[in-house]
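Okay, so here's the structure we're looking at.
Residue numbers begin at 1 in each chain, while the letters A, B, ... track the order of the sequences. All of these numbers come straight from a predicted model, not from anything done at the bench.
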Amino acid sequence: MKPVARFAAALLGSVFAAGLYAGAANAEVTVLGWPGGPEETALRAAADAYNAKDDVSEENKVELLFFNRDGFWDKLQADLAAGSDAFDLNLLATYSIGRYAPFMEPVELSDEAQALYGDAVLSTMQFDGKQYGVPTDLSLHFMYYRKDLIDALMSDDDARARYADISEEHLGTAMEPKNPDEWTWDDYAATALYFTKAVNPDSPTRYGTVLQMKNLLFNIMVWQSTARSYGGDWMDADGKITVDSEAFRKGLELYKKLYDAGATPRDSLSYEFAEANAAYAAGQVAAMVQWNAAAADLTNAEKSPAVGEVTATIAPPAGPEARATHIHGLGLGLNKSAENKEGAKAFLKWLSTEEAALIYARAGGAPALSADAVSAVAEERPDLVQLGEYAGAYGYVMNGGASANALAIYELQAKEFTGYWSGQQDLDTALANVEKGMADLLK
Amino acid sequence: METTHRLEWTLLATPLMMFLLVCLGFPAIVNLIYSVSDISFETLRSPEISGFGNFAAVLTDSGFWRANWFSLRFGLLTAILECLIGLGLAVFLAPLFKDRSWPIAILMLPLMVAPALMGLMYRLVLHEFAGPVPHYLWAWFGNSPAFLGPNSAFWTLIVVETLQWTPFAFLLFHMAYQAIPEELREAASIDGATGLARFWRIELPLMLPTLAAALLIRFIDGFRVFDNVYVLAGSGAGGSTTSLSIYIYEAFFKQAAIGKAVAASVILFAASFAVLYGLNRLARRRRR
């Protein structure tokens with residue numbers, strides 16, 4: 001499929017995404033899953049495998065329920081608050097766990113879960129020290145970059161000299177191009193500027209990077225690794241809000257600098273996942289930080305003919321304090337109003353075994369498995385090796401990122417920070433507004 | 001006779017009253033209670049009355065007034081543009097429509113598209129790397145504006161809304177124009193009136209009630225805009241494209257500030273009622 005068609009499909013998918021109802025006439029354990037993507041395919045495979053087991057009685061067999069992905073969390077919120085028993089198990093995400101926890105019950109995982117996932121991944125499904133779900137899929141960020149362009153830059157002395165001139169002019173230091181795996185955010189910025197036509201008319205690409213800057217909570221998750229790598233966090237260990245910090249300023253200023261210099265498409269303030277992928281896939285962008293979910297398309301020459309063969313993925317650039325990638329998990333947890341709690345608990349326990357995780361992974365899911373566990377599927381799913389490795393080494397959840405109002409905090413930051421990036425308010429005002437809002441939300 | 005008449009009236013009116021009580025009365029009462037309560041998703045069934053704090057929070061929130069300003073500007077501008085273009089099309093293309101109806105069917109097509117899909121379509125059409133509009137602008141002029149940038153998103157949304165809903169205004173004006181008796185035009189022509197004079201002195205005055213109705217309907221629709229704006233631009237950088245409907249939606253679902261969202265909707269309801277009541281009184285006074 002051409003990139004344009006895929007972009008259109010992605011947009012349509014976000015509205016219509018497989019609003020399917022998988023006939024639950026005889027449902028005994030009803031599972032409300034994440035529709036319309038690899039998660040649905042993987043969950044179907046896992047449910048089929050579970051239902052085929054001899055020791056699963058008829059009344060405990062699993063039926064799946066899917067509705068539209070658009071507005072999913074809002075609808076789920078309303079259903080849970082209303083005490084709906086239409087499903088026994090429901091989808092859960094790290095950033096929404098605190099909001100849904102009052103309507104759910106903690107669960108017990110299998111004995112294998114600890115070794116299978118590790119603490120960092122299990123913590124993506126925890127709230128208030130309790131386990132609320134099985135972490136079926138993990139999302140984090142890769143840096144996608146054009147190997148051909150970077151190789152050409154590294155091997156050309158004239159290009160290196162131009163790179164040094166541009167970095168000195170825009171960043172205040174004459175820099176040398178480096179291997180992307182050694183990049184700091186300064187290297188990322190220098191490269192983005194070098195590959196921008198508005199800065200370097202000889203650039204082979206129109207833009208050096210593509211930033212997702214739409215007023216959307218998921219875009220803040222992508223951005224915040226810059227602040228994290230400078231040592232930023234939402235709160236310190238005592239619960240004091242620490243957003244108005246040098247680390248957050250550095251991260252926010254980096255985006256502002258690149259946007260103002262024209263190193264990212266001028267419509268970036270309306271860009272999210274699909275738009276950024278379309279820009280990169282068009283071959284007019286040298287590097288970008290994007291969700292791991294884009295890897296299957298952007299590294300595939302059939303799906304992305306302009307860049308598929310020359311795109312590589314690594315962890316996002318480092319800062320002085322850390323190399324960091326936001327992680328959040330999708331998982332399944334137990335509805336407090338479930339009709340068949342025992343059957344639901346039994347399915348969850350099985351879902352957290354190695355057997356289930358491997359079935360789920362082979363069917364297209366993205367569980368973050370430990371090095372030992374992932375070796376069994378490494379040949380079929382090499383991306384899962386990278387996923388597990390990066391999650392363990394660089395993964396973080398902001399302090400408060402799983403609290404009851406985490407979603408509202410992301411929304412607040414998205415509104416205020418996009419206000420700064422678009423020039424509607426200054427940085428001090430944006431940070432002050434966020435601190436004030438967070439103080440109310442974290443009371 | 002009187003008793004029978006009263007019984008008939010009661011029997012006939014009961015279903016309507018029940019419908020109004022259940023479908024409008026109950027939600028309205030719940031909304032009023034929620035608007036003066038400390039309420040969250042956990043306490044939906046046991047709200048605690050807390051006074052008028054939610055109303056104070058809304059009225060002192062600059063975001064609320066900004067959303068009002070957006071909705072007001074958006075509603076007024078789109079209503080005026082749609083009515084001007086719709087009126088122009090109805091009048092200037094009237095000879096074309098006299099013997100052929102298929103051009104009208106073509107003009108009506110945008111009305112058949114759901115507003116959310118319209119937003120989605122323009123997200124694709126205006127995308128720098130996937131959309132045909134920026135593609136040709138780059139090919140012909142070596143540049144393309146940021147259609148959804150912070151300074152242009154509002155105007156892009158105005159154009160998108162106008163393109164979709166002008167056919168509605170056009171349809172109203174077309175009907176009104178066709179309803180003007182041909183003899184009036186012929187009489188004016190015999191008296192030597194030019195086309196322009198005919199329009200200003202005869203046709204436009206006769207179409208004024210339609211113009212007022214079209215402006216009002218389109219203003220209400222533009223003021224409460226949600227779907228196409230939300231799909232195309234979200235609430236905008238820094239909240240710059242937050243309409244009042246989007247403000248209420250985001251307060252309710254995104255910030256879980258249920259009391260504040262409901263208080264905002266109560267204020268909107270009261271303001272709408274006051275405006276419509278005022279317009280109604282004005283219209284009655286003019287009729288007298």
Segment of [X] engaging chain A (4.5 angstrom heavy-atom cut-off):
| X | value |
| --- | --- |
| A233(B) | backbone |
| L44(B) | side chain |
| S144(B) | backbone |
| P145(B) | backbone |

How far does [atom1] of [X] sit from [atom2] of [Y], to the nearest 0.5 angstrom?
| X | Y | atom1 | atom2 | value |
| --- | --- | --- | --- | --- |
| L232(B) | S270(A) | CG | OG | 8.0 Å |
| S235(B) | E411(A) | OG | CD | 7.5 Å |
| L269(A) | S240(B) | CG | OG | 8.5 Å |
| E275(A) | L126(B) | CD | CG | 11.0 Å |
| N405(A) | Q255(B) | CG | CD | 10.0 Å |

By a 4.5 Å heavy-atom criterion (distance strictly below it), what part of [X] contacts chain B: side chain, backbone, both, or neither?
| X | value |
| --- | --- |
| Y259(A) | side chain |
| P265(A) | both |
| F103(A) | side chain |
| Q424(A) | side chain |
| K415(A) | both |
| Y410(A) | neither |
| Q425(A) | neither |

Do you know which of [options] has the most heavy-atom pairs under 4.5 Å to chain B?
| options | result |
| --- | --- |
| E416(A), Q77(A), E272(A) | Q77(A) |
| G419(A), A279(A), P102(A) | A279(A) |
| A82(A), A414(A), G283(A) | A82(A) |

With a cut-off of 6.0 Å (strictly less than), are more than 12 heavy atoms of other residues, nucleotides or ligands near CE of M18(B)?
no

More than 12 heavy atoms of other groups within 6.0 Å of W69(B) CH2
no

Sort out for me which of P150(B), A257(B), G236(B), A237(B) touches chain A most, counting heavy-atom pairs under 4.5 Å.
A237(B)

For the student: nearest non-hydrogen atoms of [X] and [Y], plus distance:
| X | Y | answer |
| --- | --- | --- |
| D267(A) | L148(B) | OD1-N, 2.9 Å |
| V231(B) | K214(A) | O-NZ, 4.2 Å |
| R99(A) | F253(B) | NH1-O, 2.8 Å |

Salt bridge E128(B)-R206(A), side-chain N to carboxylate O under 4.0 Å:
yes

Under 30°, 30 to 60°, or over 60°: which ring-plane class applies to F129(B) and Y207(A), parallel, tilted or perpendicular?
perpendicular

Residue pair N143(B) / R266(A), side-chain heavy-atom distance below 4.5 Å
yes

Give the intermediate values and the outcome of side-chain contact (heavy atoms from CB on, under 4.5 Å) for residues D74(A) and K254(B).
CA-CA 8 Å; D74(A) 301 338; K254(B) 306 289 183 192; 3.8 Å; yes

